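Beneath this line is the structure, given in structure tokens, with notes to follow.
Below, chain A is the first sequence line, B the second, and so on; all start at residue 1. Since the model is a prediction, treat every value here as computed from it, not as a measurement.
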Number of protein chains: 2
Amino acid sequence: MDDCGNYKNYLNEHGMKSTKQRNLLLSILAKIQTPQTAEKLYLQAIKSDSSINLSTVYRVLEKFTEKNITIRTSFLDDKSVYSLYPKTHQHQLICMRCKKIVLLEHCPLEDFEKSVEESTHFSVVNHRLELYGYCRQCQKIIAMG
Amino acid sequence: MDDCGNYKNYLNEHGMKSTKQRNLLLSILAKIQTPQTAEKLYLQAIKSDSSINLSTVYRVLEKFTEKNITIRTSFLDDKSVYSLYPKTHQHQLICMRCKKIVLLEHCPLEDFEKSVEESTHFSVVNHRLELYGYCRQCQKIIAMG
DNA sequence: TTCCGTGCAAACGCTTTGCACGCAT
DNA sequence: ATGCGTGCAAAGCGTTTGCACGGAA
């Protein structure tokens, strides 16, 4: 991907036609660090292309996710959020006070998945793991009352 | 809780009025091993009380969850499921085809949380872990095409 | 030229809510 | 008697879909 907003080759390589809507969303996703809702991405997109439609954003994100270009996550009672597919397997540590997110590169679940497969006869293909707690600063703030 | 479907004392102790709908849902939840959707619980409930309403089921489950009598979980693109609040810490293994849920009693994250606390200076107070895969039966069905 | 992608509006599915009535306290 | 809980219907909300048009290959 280059950084001028033209992902034609990239899209064609993934079996998709290049359209201005897809290029635009790719450039927005590339700039964004944290997962965003479809609506936030849409609001960002109409700054560049006021005619883009929310349902197009959903359709593009669905197609991207199908191609593993993006990943879709959802939390209880919340909208889904989308981000570029992480280059490495990772998990998130979330501060429950300030919502800061720390990415954890190490995943401790490989052996656990194997033992679960043996005991349940499931084939385990994926998992979801998030840690919740309080970051150093928020711990101090909480301790001060 | 007794097993004849009368949870009056239990409900009153939790600051709730005893109603036939709440008693009925508690007795259904007590009999069920795996988390169920509101609709499934509703379908079970109308067998005993054909006048109970789906919105009542939602309201009762919301109240129960608020009181930590039940727990509510949701997965990407799926309905929420409810179960009695687990007595022990546990996780879920979910079949991505038939949505069957197997409860896992062992949690492999204790050491991991400690090491994360040391490396990040967070205090970790909670986590969310789910495994996704295919159960034995669905593996066979998928293999047959 | 041929379809795939899009804008628009409407439908969808789960869940929540407004209202008036009924029942537990 | 009081006010919470309920049935019913309708609304909410994020997301998906039908349709006809437009644009990429």
Members other than A:V124 in its cluster, when Ile, Leu, Val, Met, Phe, Trp, Tyr link by side-chain heavy atoms under 4.5 Å? A:L93, A:V102, A:L104, A:L109, A:F112, A:V116, A:F122, A:L129, A:L131, B:L93, B:V102, B:L104, B:L109, B:F112, B:V116, B:F122, B:V124, B:L129, B:L131
Whole angstrom value for the distance that separates [atom2] of [N] from [atom1] of [X]:
X     : N      : atom1 : atom2 : value
A:I46 : C:dG7  : CD1   : P     : 12 Å
B:L41 : C:dT15 : CG    : C1'   : 15 Å
A:E39 : D:dG12 : CD    : C1'   : 14 Å
B:L11 : D:dT6  : CG    : P     : 10 Å
B:R22 : D:dG7  : CZ    : P     : 11 Å
A:N23 : D:dA24 : CG    : C1'   : 12 Å
A:R72 : D:dT16 : CZ    : C1'   : 10 Å
A:E13 : D:dA25 : CD    : C1'   : 16 Å

Scan for salt bridge (charged side-chain N to carboxylate O under 4.0 Å, His left out) pairs involving residues 97-110 of chain B, sequence neighbours excluded, and state none if there are none. B:D78-B:K99, B:E110-B:K114
On the 0 to 90° scale, with breaks at 30° and 60°, tag the B:Y10-B:H14 ring pair as parallel, tilted or perpendicular. tilted
Is any side-chain heavy atom of B:P35 less than 4.5 Å from a side-chain heavy atom of B:Q92? yes
Are A:K140 and A:Q137 packed together at the side-chain level, in the sense that at least one heavy-atom pair is separated by less than 4.5 angstrom? no
With sequence neighbours excluded, tell me which residues meet salt bridge (Lys or Arg N to Asp or Glu O under 4.0 Å) with B:E117. none
Can you tell me if the side-chain N/O atoms of A:Q21 get under 4.0 Å from OP1 or OP2 in D:dG23? no
side-chain hydrogen bond (donor to acceptor under 3.5 Å, both in side chains) against A:N9, all qualifying residues, sequence neighbours excluded: none
Would a single hydrophobic cluster contain both B:I71 and B:L103, if residues Ile, Leu, Val, Met, Phe, Trp and Tyr are joined by side-chain heavy-atom contacts under 4.5 Å? no
For atom CD of B:Q90, is the number of surrounding heavy atoms from other residues, nucleotides or ligands below 6.0 Å larger than 12? yes
5′-ward residue of the pair B:G15/A:Y82 relative to DNA chain D: B:G15
Proximity to DNA chain C (any heavy atom under 4.0 Å), residues of residues 49-68 of chain B only: B:S55, B:Y58, B:R59
Can you give me the N/O atom pairs linking the protein to nucleotides 22-25 of chain C at distances under 3.5 Å, or say none if there are none?
| unit_1 | atom_1 | unit_2 | atom_2 | d |
| --- | --- | --- | --- | --- |
| C:dT25 | OP1 | B:N12 | OD1 | 3.2 |
| C:dT25 | OP1 | B:S18 | N | 3.3 |

